[in-house]
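Take this structure first; my questions come after.
In what follows, every heavy atom counts, from backbone to side chain, and hydrogens, waters and symmetry copies are set aside. Throughout, numbering of the chain's residues begins at 1 and tracks the sequence.
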Amino acid sequence: MSAARIARALVYFAPAPRAWVPAIQAAIAVAGPPAVFAAFGQLRLGLLAAFGALIVLYLSGQSRRERAAKLPVIAVGFLVGTVIGISTGGSLPTSLLAMGIVAVVFSYVSLAFDVGPPGAIFPVLTAGSMGQLTAPVSMGGGGVDPLIVVSVVALGVVTGYIVIVAPLALRRVRVDDAKLPHDYRWTYSWGPDSVRIFARLTVAIVLAVLASSSLGLHHVGWVLLAVISILQKDSDLHLGTLRMAQRLIGTALGVCIALIFMLWIPEGFALVAVVGGLVFGFVFFIRSNLMFTLMVVTPMALLLVAGGSRPLLEASIGTRIIDTVVGGAVAATVLTTVAVSSRWKLSGNRTPNVKKGA
């Protein structure tokens, strides 16, 4: 493939029709809690609630009725991940093990029930971030009360759900929504592609956990994010390699955007507006181009974790670069191993049979 075709493949995107509609819904759901809390001088808590509201990023292409039926299941997954992250965040060995299990389980569920993007990414991000936030200060954590964190994240989950479902109270919305295809059932499917993707993900998650053990407690979640975003969608090696390039380039561009906030870090309602805009971009691009998706979600995640604090943002940017490189290296190792083994197998099948006595 020529350099020009590779470049076109990296930047090509074709947004779904009316992709701006779920993008606006997501921006309102995620930015709403921080805006309300900011009005009462508690922006930090509002940003925590935004983690729970991230459930609106799921099933964005489906009807409101279908999302109303299925999002509660995803919401439970968010809360379970949050509790697991908090419960194990005070110890490096248990945190590494728990995050690995969360990543494997949510990856399996996403593949088996065709949850679609963003898949296991945000349950892993939420578990890792909440574990870091509530870990003891002596271990580099935030030392925040776990009960407060769980309560606020649950409030964000409820807020996100209400934003999606509440418009169904209007007759016109119900009529329009009824015209859209919908299926309230979770259909289990486990084909050859799912098997291949899950096998690669499992191996990569184990390697990522082992690599994170040398980096420290607060790196594993972000390393896993890089691995999952690269490997969770395509069983095709070419597409997997393309997604790896998009992930690394998109994250690098996202970090460059985040560097702008080193000169001017938004505060109060300005921070809420920036987060809302970045969420809009995430949903708009998520089904069309991973590079642009990561370009906007990286600064969004950094801002949420930093909570408007310049020192936390500065520390986060540096570590996130390291984590992404490590995760990309793990994914590249898995993809390279699969490619080499496939080539060996192919060359072995092409070896002509030589008859005895010939």
(request) Taking the side chain as every heavy atom from C-beta outward, state whether Arg196 and Arg200 have any pair of such atoms under 4.5 Å apart. (result) yes
(request) Please name the pair of heavy atoms, one in Ala29 and one in Gly160, separated by the smallest distance, quoted to 0.1 Å. (result) CB-CA, 4.0 Å
(message) Please report the interatomic distance CZ(Phe284) to OG1(Thr293), rounded to the nearest 0.5 Å.
(response)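 Reported value, rounded in 0.5 Å steps: 10.5 Å.
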(message) Taking the side chain as everything from C-beta on, heavy atoms only, tell me whether Leu97 gets closer than 4.5 Å to Val209.
(response) no
(message) Could you see if Leu224 belongs to whatever hydrophobic cluster contains Leu210? Use Ile, Leu, Val, Met, Phe, Trp, Tyr and a side-chain cutoff under 4.5 Å.
(response)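 Different clusters.
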(message) So which atom in Pro146 and which in Thr134 form the shortest heavy-atom distance, rounded to 0.1 Å?
(response)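 Result for this residue pair: CA-CG2, 3.9 Å.
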(request) Taking the side chain as every heavy atom from C-beta outward, state whether Trp186 and Val109 have any pair of such atoms under 4.5 Å apart. (result) no
(request) Search all heavy atoms of Gly119 against all heavy atoms of Pro123 and return the closest pair with its distance. (result) O-CD, 3.8 Å
(message) Is any side-chain heavy atom of Trp222 closer than 4.5 Å to one of Leu225?
(response) yes
(request) Describe, in one word, how the ring planes of Phe292 and Phe285 are oriented to each other, choosing from parallel (under 30°), tilted (30 to 60°) and perpendicular (over 60°). (result)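 Answer is tilted, since the angle falls between 30° and 60°.
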(message) Once side-chain hydrogen bond (donor to acceptor under 3.5 Å, both in side chains) is applied, do any residues pair with Glu66, and if so which ones, sequence neighbours excluded?
(response) Lys70
(message) Does Ile164 form a side chain to side chain contact (heavy atoms under 4.5 Å, CB included) with Tyr58? I'd like the steps, not just the answer.
(response) CA-CA 11 Å; Ile164 299 302; Tyr58 288 81; over 6 Å; no
(request) Determine whether Leu47 and Leu271 make a side-chain contact, defined as any pair of heavy atoms from C-beta on separated by less than 4.5 Å. (result) yes
(message) Restricting to non-hydrogen atoms, name the atom on Pro167 and the atom on Ile162 that form the minimum distance, rounded to 0.1 Å.
(response)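 Nearest pair, atom of Pro167 first, then Ile162: CD-O, 4.2 Å.
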(message) Distance check, rounded to the nearest 0.5 Å: Leu253 atom CG versus Thr298 atom OG1?
(response) 9.0 Å
(request) Measure the CZ-CD distance between Arg67 and Gln25 for me, rounded to the nearest 0.5 Å. (result)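 Going from CZ on Arg67 over to CD on Gln25, the span is 5.5 Å.
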(request) Taking the side chain as every heavy atom from C-beta outward, state whether Ser107 and Ile205 have any atom pair closer than 4.5 Å. (result)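 Yes; the side chains approach each other to less than 4.5 Å.
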(request) Taking the side chain as every heavy atom from C-beta outward, state whether Phe37 and Leu43 have any pair of such atoms under 4.5 Å apart. (result) no
(message) Would you compute the distance between atom OG of Ser110 and atom CD1 of Ile74 and round it to the nearest 0.5 angstrom?
(response)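 These two atoms lie 8.0 Å from each other.
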(request) Classify the angle between the aromatic ring planes of Trp190 and Phe198 as parallel (below 30°), tilted (30 to 60°) or perpendicular (above 60°). (result) perpendicular
(message) Measuring from atom CG of Leu45 to atom CZ of Phe40, what distance do you get when rounded to the nearest 0.5 angstrom?
(response)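 That separation rounds to 12.5 Å.
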(request) Enter the distance from Leu168:CG to Asp176:CG here, rounded to the nearest 0.5 Å. (result) 11.0 Å
(request) May I have the step-by-step check of side chain to side chain contact (heavy atoms under 4.5 Å, CB included) for Val152 and Phe51, ending in yes or no? (result) CA-CA 9 Å; Val152 174; Phe51 276 96; over 6 Å; no
(request) Take Leu57 and Val283, measure what side chain to side chain contact (heavy atoms under 4.5 Å, CB included) needs, and give me the verdict at the end. (result) CA-CA 7 Å; Leu57 304 182; Val283 176; 3.2 Å; yes
(message) Using the rule given for side chain to side chain contact (heavy atoms under 4.5 Å, CB included), can you reason through Leu303 versus Leu278, listing the C-alpha separation, both sets of side-chain angles and the distance that settles it, and then say yes or no?
(response) CA-CA 10 Å; Leu303 286 173; Leu278 293 172; 4.1 Å; yes
(message) Any salt bridge linking Asp177 with Arg174? Criterion: basic side-chain nitrogen under 4.0 Å from a carboxylate oxygen.
(response) no
(request) Specify the closest pair of heavy atoms between Ala103 and Ala120, including all atoms of both residues, with the distance to one decimal. (result)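 Looking at all heavy atoms of both residues, the shortest contact is O-CB, 4.5 Å.
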(message) For residues Val73 and Tyr108: do they belong to one hydrophobic cluster (side chain heavy atoms under 4.5 Å, members Ile, Leu, Val, Met, Phe, Trp, Tyr)?
(response)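 Both belong to a single hydrophobic cluster.
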(message) Donor-acceptor pair, distance only, cut-off 3.5 Å: does the side chain of Thr336 make one with the backbone of Thr333?
(response)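 Checked: no pair found.
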(request) Give a yes or no on whether Val158 and Phe78 share a hydrophobic cluster (residues Ile, Leu, Val, Met, Phe, Trp, Tyr; joining criterion: side-chain heavy atoms under 4.5 Å apart). (result)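 In one cluster with Val158: Phe78, no.
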(message) Do Leu54 and Val36 sit in one hydrophobic cluster, given that two such residues count as connected whenever their side-chain heavy atoms are within less than 4.5 Å of each other, even indirectly?
(response)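 No, separate clusters.
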(request) Find out if a path of hydrophobic residues (ILVMFWY) with successive side-chain heavy-atom gaps under 4.5 Å connects Leu147 to Val80. (result)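 Different clusters.
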(message) If you define the side chain from C-beta out and look only at heavy atoms, does anything of Ile86 sit under 4.5 Å from Val83?
(response)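 Contact flag for Ile86/Val83 side chains = no.
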(message) I'd like to know if the side chain of Tyr188 and the backbone of Ala112 have a donor-acceptor N/O pair within less than 3.5 Å.
(response)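 No: the side chain of Tyr188 does not pair with the backbone of Ala112.
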(request) Measure across Ala204 and Val330 and return the closest heavy-atom pair with its distance rounded to 0.1 Å. (result)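 Heavy-atom minimum between the residues: O-CG1, 3.4 Å.
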